[in-house]
Amino acid sequence: MLLLNIDAAFVIEKVILISVILMGSLGVAMYATWAERKVSAVMQDRIGPNRAGPFGLLQPLADGLKLFFKEEIIPDRSTQFIFILGPCLAMLTATMTSAVMPWGPDFTLGGRTVSLQVADINIGILFVFGVVSLGVYGVMLGGWASNNKFSLLSSIRAASQCISYELAMGISLIALLMMTGSLSMKDIVTQQHGFWNDGYFTWNFFKQPVGFIIFLTCSFAELSRAPFDLPECDSELNMGYHQEYSSMKLGFYLFAEYINMFISSAVISTLFFGGYNFPFMDQVQAAVPSGIFSLICVGALMAKIVGMILFFMFVRWTLPRFRYDQLMKLGWRSLIPLALINMLVTGGVILMTMKK
Amino acid sequence: MDIYSILFWFLSAMAVGSALGVILSRNPVNSVMFLILTFFAISGHYIIMNAQFLAVVNIIVYAGAIMVLFLFVIMLMNLNADVEPQKGMMIQLAGVISGGTLFLVILMGLTTAKSELIDTKSSDIGLISNLGKVLFTKFALPFEISSVLFLSAMIGAVVIGKKEHIPASEKAEIV
């Protein structure tokens, strides 16, 4: 195109990358629903899904098909446009974060360097934060537009929970960012190269253990997963904000939650567990061509993500749900002061080591 | 017309259009959503000027936190077009006068200001490292004063929101 002077190969490269990432996150989320059932079954000494396909592997497909063919009901007294907008926003914000994630190192293909990151913007981590803070709109608008008291209560719970835990999450990240000195996801990953350097671990988990625990707790709350699944607290709210939804609109809400879990596992792995870095990666890099090395790195990142997702599931099926006042007390009276102290201590340590 | 001017006109039309939507729509929830759209358009302008930090902070603070609280209040009070209170003549007049005065002040400020053109393609003036350096050297005093202002507002909110002290004997009666 003459008007928009853009390199065609660049556009094709990015379109392929975006499609692969989108399909990948949808696929992982799909099998996360299957894994959730299998994990809960194992932990409760049951068998779990085993009818559709070997080990019940086709169960997610069957579920999706069922949701698509169900009757779609839009309540008479609802605000129609916003009612439909709700699940759309939930899906949109769930899939947007993957744009700034570095999925692997660059590799050369036919003379050009291909980056495995859609956009390396210099405020990557803030972009993630912005999208997370927008994520609450899907729940809030959907719950309000349903014109149902239970849905409204649930969406208000979800919103206040998200806002409260975003604060502690942000402050815990400040401590991390003071150490990395960069907001770009790519820089943060490159700084954690390998596993061991200069007599200490390179991964941020070993440098910021308190920050990691705060961040992890807050991401449980942001995902509204057990033990913080108050918006879907069925003993008090029947079903929660998606009570009036049916068919695939309900499916979108449920599915967005699993995509969010995948993405936040990816963010945690990138920020604290070295992203696509793994021990002895320099030796591996010397031994194999760059394309295969990139694939191995992506594999390492995926292994970390799967580990995180399994951790999310173990916690869900182990811990009971918090009460609402306990949730607020934990967020405001424990996590925020702890994050502030962590930030101050980190700043002090950085200042002391700088002077030498 | 290059891609920058296309984006500029698109975002400007979006900002003005959705800002009009804020004041013209009858339903308060629609107003809030138009306002969110306006913030997105303004963030788009920041990105065109290569001020990525301002753009994303605008989204996080305004669209992500303040507008959520707005929605909160509107949802809890269940404001609808039917229950919208009708303003009296005097209040409308006062609104027109104060709004017009503000408009005049802004107009005067803009006409007398010297506008410097920013090279949108190469400038890194809005990137976070420059912003931080300027904020903590040249504008350190205003920055600190505004943070004190925020702190006092926060303490004020806590004082107002605090429950009044009730003696134990009366407490038992209430419960």
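Chain A is the first sequence line, chain B the second, and so forth, proteins listed ahead of strands; every chain is numbered from 1. Reckoned from all heavy atoms, side chains included, excluding hydrogens, waters and symmetry mates.
- Under a 3.5 Å cut-off, the side chain of A:Tyr137 and the backbone N or O of B:Ala63 do form a donor-acceptor pair.
- The environment of A:Phe81 atom CZ is sparse: at most 12 non-hydrogen atoms of other residues, nucleotides or ligands sit within 6.0 angstrom.
- Remark: B:Phe72 CZ to A:Ser155 OG distance equals 8.5 Å, nearest 0.5 Å.
- For A:Asp76, the CG atom sits in a loose shell: 12 or fewer heavy atoms of surrounding residues, nucleotides or ligands are nearer than 6.0 Å.
- Between chain B and the options A:Gly181, A:Ser133, A:Ala145, the largest number of non-hydrogen pairs under 4.5 Å is found for A:Ser133.
- With a 4.5 Å cut-off on non-hydrogen atoms, A:Ile156 touches chain B through its backbone and its side chain both.
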Quiz item: Does the side-chain contact (heavy atoms from CB on, under 4.5 Å) test come out yes or no for A:Phe129 and B:Ile59, once each step is laid out?
Solution: CA-CA 9 Å; A:Phe129 241 74; B:Ile59 294 285; over 6 Å; no
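- With a threshold of 4.5 angstrom between heavy atoms, A:Ser182 does not approach chain B through any atom at all.
- The side-chain heavy atoms of A:Leu141 and B:Leu71, taken from C-beta on, include a pair separated by under 4.5 Å.
- Among B:Leu69, B:Val61, B:Ile36, the residue with the largest count of heavy-atom pairs under 4.5 Å with chain A is B:Ile36.
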Quiz item: side-chain contact (heavy atoms from CB on, under 4.5 Å) between B:Met33 and A:Leu85: does it pass, once the steps are laid out?
Solution: CA-CA 11 Å; B:Met33 281 162 63; A:Leu85 191 69; 3.4 Å; yes
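- When heavy atoms are compared at a cutoff of 4.5 Å, B:Asn30 approaches chain A solely by way of its side chain, counted from C-beta outward.
- Two residues are said to be in side-chain contact when any heavy atoms from C-beta on lie closer than 4.5 Å; B:Gln52 and A:Phe127 fail this criterion.
- Contacts between A:Leu126 and chain B at a heavy-atom distance below 4.5 Å involve backbone atoms as well as side-chain atoms.
- Taking CD1 of B:Ile60 as the reference point, atom CD1 of A:Ile123 lies at 8.0 Å (rounded to 0.5 Å).
- Here the closest heavy-atom approach between residue A:Ala159 and residue B:Val68 is recorded as CB-CG1, 4.1 Å.
- Atom NZ of A:Lys14 has more than 12 heavy atoms from other residues, nucleotides or ligands within 6.0 Å.
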